[in-house]
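For reference, the structure is listed below as structure tokens.
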Amino acid sequence: MTVKTYQLETVSCPSCIAKIEGMLKKTGGVTEAEVLFNSSRVRVQFDETEVDSQTLKSRITALGYPVKGER
Amino acid sequence: MRIPHMSKVQRLVLSAVLIILGFAGRELWQLQLVFSWLMVAAGLLAGYPIFKKAFSALRYKILGIDALVTIAVIGAVIIGEYWEAAAVTFLFSLGDYLESRSIEKTRSSIRALLDLAPVTARVLRDGREEVIPAEGVVQDDLIVVKPGEKVSVDGVVTQGYGALNQAAITGEPLPVEALSGSEVFSGSILESGYLIIKARRVGEETTFARILHMVEDAQDKKARTQKFLEKFSRYYTPGIIILAVILFVLTRDVTLSLTLLVIACPGALVISTPVSIVAGIGAGARQGILIKGGDIMERLGTVTAVALDKTGTLTEGRPRVSEVIPLGSHCSDELMRIAASGEAYSEHPLGTAVVSHAETQFGITGLNKPDDSRIIPGQGIEFSLEGNRYFIGNRRLFTDMEITLEEETEARLTAQEELGRTGVLVGTPQGVLGIIAIEDSLRPGVQELVQELRDQGVRHIAMLTGDGRRTAQAVAGNLGLDSVHSGLLPEDKVRVLAELQVGYGQTAMVGDGVNDAPALAAADLGIALGGAGKDIAMETADVVLLSSRIQKLSAALSLSRATVRNMKQNIVFALGVAGLLLAGVLVKTVNLSFGMLVHELSVLLVILNALRLMYFRAPGDTGRSLPRRLSKLHGRKRGRKKSRMEVV
């Protein structure tokens with residue numbers, strides 16, 4: 001299991017949380033997803049054999065939240 | 001059709017222009033059709049990102065605020081309310097833009113700390129100075145720091161002398177003196193002088209990097225209120241949507257249902273807590289007050305009892321020998337020589353005080369080391385020296401060893417204790433040879449602190465110490481504490497804390513974090529004083545006061561109280577607005593665009609209120625804000641300003 005934290009451009013509306021978490025949880029290979037609203041980050045736990053970090057990042061970006069950094 | 005990329009601002013300005021043109025067309029030339037088309041165009045332009053987000057979310061079957069606004073706008077266009085459609089999208093986009101800008105601002109109170117991290121380091125290699133990226137430094141490297149430069153490692157000064165500004169870490173505006181042997185932290189700035197530092201800890205291991213990570217993680221630990229509000233909003237939004245549908249079925253009033261959709265997102269309410277907490281944690285971090293999360297912020301704001309450790313918290317924690325009292329026919333020199341030999345290996349602060357006093361005041365060096373020594377916890381040590389057995393310790397040690405204390409000894413000991421000193425007895429199995437009185441002076445400002453804590457609503461202030469009753473009481477003296485608990489072993493402190501919790505509620509334990517770890521962990525809130533560089537204290541305490549100024553304690557309390565107050569204001573305001581909006585929509589005094597306007601305004605007001613916290617200063621704290629200090633430093637670096645403290 002890999003855990004990554006992505007820094008997103010402003011997550012300002014609370015409904016963004018549901019949106020991002022919902023999308024990630026419906027993505028195959030993702031076992032856990034949590035939006036850290038206070039710091040505008042999202043922490044994702046996923047299985048790297050099923051989905052890679054790049055795909056996750058582009059999906060989050062496609063949803064309207066560009067990924068600015070990761071750790 | 002491919003829509004050219006536009007920035008949010010461009011979109012908003014263009015959309016506003018279209019709206020104005022539309023009105024002009026209708027009012028001046030009665031061009032009703034042009035008005036309608038321009039409004040739809042303005043709505044599309046401002047709303048395009050909203051619609052896009054809504055559709056991408058719908059692909060995952062998620063109904064967000066974007067979707068609700070989109071439905072409302074489409075609905076408005078269908079029923080011919082073109083101006084409403086344009087107004088709603090325009091206001092929502094504008095609100096969204098201002099919201100993200102101002103929310104970024106509260107977050108920046110924490111991100112600004114990251115900018116204080118050192119970027120480069122001047123390393124001394126093969127006798128030459130070399131500027132390298134900070135992450136390239138390895139342990140034991142020698143680092144050269146010149147005036148205006150940042151220290152890039154935690155280390156020890158091996159050469160040089162200077163005035164060091166540790167504001168980035170401890171929040172203290174005044175520089176401290178750094179000289180050979182001083183411990184220095186990454187992130188401090190050398191104001192004047194010149195230092196060569198041996199790197200002990202580098203990169204992610206440095207105190208500064210740890211503080212940064214702790215603050216970053218702290219902001220995401222939710223307050224209880226935040227968790228509750230998030231749960232609330234999870235029911236609120238679907239609830240309003242269902243209400244909108246029911247109302248439509250009952251009344252066939254499309255406008256009413258669409259207006260409800262627009263206010264279905266309790267934006268201000270959900271945002272109310274996190275913005276205050278993030279601003280509060282950021283404001284604290286910049287003043288050297290590390291509060292490890294929202295729930296801790298909330299609890300700190302409701303503390304009703306405070307237990308203060310004596311040594312190192314109320315006192316300086318640097319005990320020194322104040323008097324040497326030989327008894328009977330013995331002399332001071334002999335007494336000090338025996339005591340210093342016995343304590344030679346000791347790491348107990350009192351032992352260290354004895355050894356250094358023997359060296360500096362009596363010139364006793366090159367001691368004979370004890371043949372064997374045994375530490376008796378909470379009492380002292382027993383050892384053999386040159387064939388004789390000796391004891392150094394407190395009264396209990398001597399009573400346990402059945403060594404009688406003569407009347408004179410007892411009187412002298414009591415007299416010292418009543419002065420607030422700790423009397424260390426030195427003796428043999430036959431009797432006491434003398435007393436070494438040790439004193440640890442109170443920190444400046446302790447008296448004022450007690451008053452400040454009272455003003456902040458702390459009902460009970462207790463002192464916890466391992467010292468004897470008389471010494472403890474003499475130190476507590478006229479501080480006006482509510483209770484003094486003396487003669488405590490670490491496990492006793494935990495017991496006393498439990499009693500305080502039962503008697504007075506939310507109890508905070510304040511210690512210097514070295515030997516108080518169990519007590520810090522047992523309290524409702526563990527507060528470590530002078531935590532910078534002390535790993536265990538930084539890890540275990542809930543609140544870390546990075547500088548060792550005891551006044552930071554009341555600053556931390558007032559900051560948390562201010563934060564909780566700010567949070568409550570936000571919640572009450574947000575709830576009020578949400579309630580009024582809902583009522584207004586139901587009695588039809590609030591229309592679509594007005595509903596959106598109020599909704600967005602309330603979100604903005606909540607954020608602006610939180611922003612006030614970023615400039616929070618505890619009453620009586622005269623330290624200047626960090627950004628100003630830094631700009632001053634940069635000014636100085638270029639030689640425009642003179643140093644506040646000249647080091648000669």
Side-chain angles (χ1 to χ4, degrees), chain A residues 1-48 50-71, chain B residues 49-50 52-68 92 95-104 106-107 110-111 213 215-223 226 229-230 233-234 236-237 264-271 273-275 277-279 281 293-294 603 607:
Chain A
M1 279 303 152
T2 315
V3 179
K4 288 246 174 188
T5 307
Y6 302 115
Q7 181 70 54
L8 306 183
E9 222 162 67
T10 319
V11 174
S12 59
C13 175
S15 91
C16 309
I17 302 175
K19 227 185 317 185
I20 302 169
E21 285 181 358
M23 182 278 284
L24 286 170
K25 280 176 184 161
K26 282 172 194 157
T27 303
V30 173
T31 45
E32 249 180 77
E34 188 192 4
V35 171
L36 310 167
F37 178 73
N38 300 14
S39 60
S40 198
R41 291 187 290 181
V42 57
R43 191 187 296 130
V44 196
Q45 188 184 328
F46 57 97
D47 186 346
E48 249 178 318
E50 285 189 57
V51 65
D52 62 5
S53 179
Q54 202 50 50
T55 314
L56 291 178
K57 279 199 281 186
S58 54
R59 283 199 174 194
I60 301 171
T61 305
L63 204 60
Y65 304 92
V67 176
K68 282 201 300 189
E70 61 176 275
R71 81 163 192 209
Chain B
I50 311 172
K52 208 175 103 182
K53 273 191 183 181
F55 285 115
S56 64
L58 276 178
R59 276 216 314 258
Y60 298 100
K61 299 195 191 63
I62 299 157
L63 202 63
I65 179 86
D66 312 311
L68 298 184
F92 183 75
D96 189 53
Y97 172 71
L98 293 176
E99 230 174 278
S100 28
R101 284 287 301 265
S102 47
I103 264 200
E104 268 318 300
T106 63
R107 288 184 184 136
I110 283 168
R111 255 178 234 156
H213 286 314
V215 176
E216 272 199 301
D217 291 340
Q219 65 178 332
D220 283 319
K221 289 193 190 121
K222 289 175 187 170
Q226 187 180 353
L229 290 176
E230 279 177 12
S233 73
R234 232 163 260 171
Y236 180 85
T237 305
C265 180
L269 195 58
V270 176
I271 252 174
T273 317
V275 282
I277 297 279
V278 171
I281 289 178
V603 171
I607 303 174

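All chains are named by letter (A, B, ...) in the order of the sequence lines, taking the proteins before the strands, and each is independently numbered beginning at 1. In this text, all values refer to a predicted model and were calculated from it rather than measured experimentally.
- Within 6.0 Å of NZ on B:K52 lie no more than 12 heavy atoms contributed by other residues, nucleotides or ligands.
- If you measure heavy-atom distances from A:Q7 to chain B, the contacts under 4.5 Å come from the side chain alone.
- One finds the NZ atom of A:K19 at 5.5 Å from the NZ atom of B:K53 (value rounded to the nearest 0.5 Å).
- Side-chain contact check for B:D220 versus A:R43: every heavy-atom pair is 4.5 Å or farther apart.
- Using a 4.5 Å heavy-atom cutoff, the side chains of A:F37 and B:V278 are not in contact.
- Note that CD1 of B:I103 is 9.0 Å distant from CG of A:N38, once rounded to the nearest 0.5 Å.
- With a 4.5 Å cut-off on non-hydrogen atoms, B:Q226 touches chain A through its side chain but not through its backbone.
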